Amino acid sequence: MDGRDKPGHDKPFGPMLMSLRLIFMGTPDFAVPTLIELAARGHEIAAVYTRAAKPAGRGMDVQITPVEREARRLALPIFTPKTLKDESAQQSFRAHNVDAAVVVAYGLILPNAVLEAPRLGCFNVHASLLPRWRGAAPINRAIMAGDTESGVTIMKMDEGLDTGAMAMADLIPIGADMTAGELHDPLSRLGADLMLRALAAAERGSLSLTPQPAADVTYAEKISKNETRIDWRRPWKQVHDHIRGLSPHPGAWFEIDSVRVKVLRSTKGDGSAAPGTVLDNKLTVAGSDGAVRLLEVQRSGKQPMSADEFLRGTPVKAGTSLA
């Protein structure tokens with residue numbers, strides 16, 4: 001693999017030597033920088049595949065995906081199949097006659113007939129240093145687990161769950177108080193850069209593929225609602241990692257006076273007491289072996305605010321139990 005030991009490289013990718021005909025497949029904000037860079041470097045985007053628009057909010061307005069929004073801006077053809085498993089969808093995919101498919105957090109399973117259709121194959125941007133954190137929520141899970149580094153792996157896809165051979169990887173350090181939201185953007189930019197490099201190498205015939213090791217495999221399961229409530233009985237570091245790993249979405253939360261409050265930012269606090277006890281007038285809360293100071297919160301239906309702003313509107317005295 002290239003770049004595995006070069007953390008945080010920021011050098012711009014050099015001039016593209018060739019233009020490839022591509023299908024781009026992606027859905028969330030994380031995928032948008034890669035689409036933008038592929039188009040900007042002169043690659044021909046024959047089709048953009050993304051998840052279908054869905055109702056959002058009380059008014060049930062239809063909300064298109066971030067990738068579809070960008071594809072419209074770039075005037076690219078957009079496809080939103082519900083599945084790629086039926087023959088008609090696979091025939092449509094093959095008909096684009098592309099050199100490669102680029103997949104970034106698309107959200108649908110790609111059957112073998114799709115994987116084998118492009119001349120060079122299907123290449124995926126995955127937001128972890130594989131084989132650690134295969135699966136749906138690698139950014140969140142890395143921070144929730146207290147990892148000190150994350151990164152991006154470019155792999156040539158196979159039919160397994162993020163099991164394809166690795167082409168390129170690069171890492172980014174995770175700061176002690178860094179949130180999932182703060183890690184998201186540099187990883188998305190790194191993924192775009194690595195994908196450009198991988199495609200250029202694939203076209204030259206110089207791309208080296210390395211099978212993933214069988215050891216050290218972990219899975220980043222989708223975040224469920226029943227794991228977002230803060231458990232103050234855990235050690236302070238685990239509480240802190242839980243908070244920042246779920247920030248800003250879906251958000252770790254506690255209740256006070258029957259009002260749900262998300263915690264968006266925290267740091268190590270001072271003091272100790274029974275878990276869930278507020279220790280001072282700065283919203284420092286005890287865990288099982290220390291304390292976490294809450295820095296930014298969001299009441300249900302309100303805008304994010306600092307802990308000081310929150311306390312001015314909702315006084316929380318020392319000794320209050322949030323357990």
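Quick note: numbers below take in every heavy atom, side chains included, and nothing from hydrogens, waters or symmetry partners. Quick caveat: nothing in here was measured; it's all calculated off a predicted structure.
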**Report entry** Interatomic spacing from CD1 in Ile243 to CE in Met144 - rounded to 0.5 Å
**Finding:** 11.0 Å
Report task. Quick one: sort the Tyr49 and Tyr106 rings into parallel, tilted or perpendicular, breaks at 30° and 60°. Result -> perpendicular
Query raised in the report: Within the distance-only criterion (no hydrogens, no angle test), does the side chain of Asp99 pair as donor or acceptor with the backbone N or O of Leu22 below 3.5 angstrom?
Result: no
Report task. Would you kindly confirm whether Leu74 and Leu196 end up in one hydrophobic cluster when ILVMFWY residues are joined by side chain heavy atoms under 4.5 Å apart? Result -> yes
Report task. Answer yes or no: is there an ion pair linking Arg119 with Glu203, defined by an N-O contact shorter than 4.0 Å? Result -> yes
Query raised in the report: Is there a donor-acceptor contact under 3.5 Å from the side chain of Gln90 to the main chain of Leu84?
Result: yes
Query raised in the report: If you draw a 6.0 Å radius around CG in Asn112, do more than 12 non-hydrogen atoms from other residues or ligands fall strictly inside?
Result: yes
Query raised in the report: Mind checking whether Arg229 and Phe254 have side chains closer than 4.5 Å, heavy atoms only?
Result: no
Report task. Could you go through the side chain to side chain contact (heavy atoms under 4.5 Å, CB included) check for Thr179 and Ile143 one step at a time? Result -> CA-CA 7 Å; Thr179 67; Ile143 293 181; 5.6 Å; no
**Report entry** Residues Arg189, Asp193: salt bridge by 4.0 Å N-O rule
**Finding:** no
Query raised in the report: Checking Asn124 side chain against Val103 main chain: does a donor-acceptor pair fall under 3.5 Å?
Result: yes
Query raised in the report: For the side chain of Arg94 and the backbone of Ala117, is there at least one donor-acceptor N/O pair under 3.5 Å apart?
Result: no
Query raised in the report: Do Gln212 side-chain atoms and Gly164 backbone N/O form a donor-acceptor pair below 3.5 Å?
Result: yes
Query - Taking every non-hydrogen atom, the tightest pair across Cys122 and Leu110 - result: SG-CD2, 4.4 Å
Query raised in the report: Can we say Asp231 and Arg233 salt-bridge, meaning some charged N sits less than 4.0 Å from an Asp/Glu carboxylate O?
Result: yes
**Report entry** Pair His96 and Phe79, ring centroids less than 6.0 Å apart
**Finding:** yes
Query raised in the report: Is there a side chain to side chain contact (heavy atoms under 4.5 Å, CB included) between His240 and Asp177 once you walk through the steps?
Result: CA-CA 8 Å; His240 175 53; Asp177 291 343; 2.9 Å; yes
Query - Arg260 backbone acceptor or donor facing Ser300 side chain under 3.5 Å - result: no
Query raised in the report: Around Gln303, counting heavy atoms of other residues, nucleotides and ligands shown, do more than 12 lie under 6.0 Å from its CD?
Result: no
Query raised in the report: What closest approach, in Å, do Ala286 and Ala274 show between heavy atoms, and which atom pair accounts for it?
Result: CB-O, 3.5 Å
Query raised in the report: Quick one: OG on Ser306 to CG on Leu264, what's the gap to the nearest 0.5 Å?
Result: 11.5 Å
Report summary line: dist Ile172:CD1 -> Leu190:CG (nearest 0.5 Å) comes out at 5.0 Å
Query raised in the report: Is there any ring pair (Phe, Tyr, Trp, His ring centres under 6.0 Å) pair reaching into residues 279-317, and which pairs are they, with sequence neighbours excluded?
Result: none
Report task. Let me see the working for Arg299 and Glu309 under salt bridge (charged side-chain N to carboxylate O under 4.0 Å, His left out), right down to the final yes or no. Result -> CA-CA 11 Å; Arg299 292 184 58 173; Glu309 291 175 303; over 6 Å; no
Requested in this report: Would you please test Phe24 and His43 for side chain to side chain contact (heavy atoms under 4.5 Å, CB included) and show each step?
Outcome: CA-CA 11 Å; Phe24 183 84; His43 289 297; over 6 Å; no
Requested in this report: Determine, using the 4.5 Å side-chain heavy-atom cutoff (strictly less than), whether Met195 and Met157 are members of one ILVMFWY cluster.
Outcome: no
Query raised in the report: Do you know which two heavy atoms are closest between Ser150 and Leu187, and how far apart they sit?
Result: OG-CD1, 3.8 Å
Query raised in the report: Okay, side chain of Thr228, backbone of Ala252: is any donor-acceptor separation there less than 3.5 Å?
Result: no
Requested in this report: Kindly state each residue pair satisfying salt bridge (charged side-chain N to carboxylate O under 4.0 Å, His left out) with at least one member in residues 127-151, sequence neighbours excluded.
Outcome: Arg132-Asp147, Arg141-Glu227
Query raised in the report: Would Val292 end up clustered with Met305 when hydrophobic side chains under 4.5 Å apart are linked, directly or stepwise?
Result: yes
Query raised in the report: Do we see a donor-acceptor contact under 3.5 Å between the side chains of His126 and Thr153?
Result: no
Query - Cluster check Ile230, Val278: I/L/V/M/F/W/Y, side chain < 4.5 angstrom - result: yes
Query - side chain to side chain donor-acceptor pair (under 3.5 Å) involving His184 - partner list, sequence neighbours excluded - result: none
Query raised in the report: For Thr65 and Glu68, does a side-chain donor sit closer than 3.5 Å to a side-chain acceptor?
Result: no
Query raised in the report: Linking I/L/V/M/F/W/Y whenever any side-chain heavy atoms sit under 4.5 Å apart, do Leu199 and Leu35 land together?
Result: yes
Query - NZ/NE/NH1/NH2 to OD/OE distance under 4.0 Å, Arg312 and Asp308 - result: no
Report summary line: Of all heavy-atom pairs linking Leu130 and Met166, the shortest is O-SD, 3.6 Å
Query raised in the report: Taking the side chain as C-beta and beyond, is there a heavy-atom pair between Asn281 and Leu311 under 4.5 Å?
Result: no
Requested in this report: Would you sort out whether Val152 and Asp170 count as a side chain to side chain contact (heavy atoms under 4.5 Å, CB included), showing the intermediate values?
Outcome: CA-CA 6 Å; Val152 169; Asp170 208 347; over 6 Å; no
Report task. Check for a donor-acceptor pair, side chain of Asp257 on one end and backbone N or O of Val259 on the other, with a separation under 3.5 Å. Result -> no
Query raised in the report: If every non-hydrogen atom of Ala291 is compared with every non-hydrogen atom of Thr284, which pair is closest and at what distance?
Result: CB-CG2, 3.7 Å
Query raised in the report: Any idea which heavy atoms bring Ala180 and Gly245 closest together, and the distance?
Result: CB-O, 3.5 Å
Query raised in the report: Sub-3.5 Å donor-acceptor pair from the side chain of Asp280 to the main-chain atoms of Ala318, do we have one?
Result: no
Report summary line: To the nearest 0.5 Å, atom CD1 of Ile36 lies from atom CD of Glu70 at 4.0 Å
Query raised in the report: Is the closest side-chain heavy-atom distance between Phe30 and Val125 below 4.5 Å?
Result: yes
Query raised in the report: For the side-chain contact (heavy atoms from CB on, under 4.5 Å) test, which of Asp29, Ile78, Val48 pairs with Val67?
Result: Val48
Query raised in the report: Backbone N or O of Ala307 within a donor-acceptor pair of the Lys282 side chain at under 3.5 Å?
Result: no
Query raised in the report: Taking atom CG of Asp270 and atom NZ of Lys268, what is their separation to the nearest 0.5 Å?
Result: 6.0 Å
Report task. Output the distance between atom CG (Asn140) and atom CD1 (Ile223), rounded to the nearest 0.5 Å. Result -> 4.5 Å
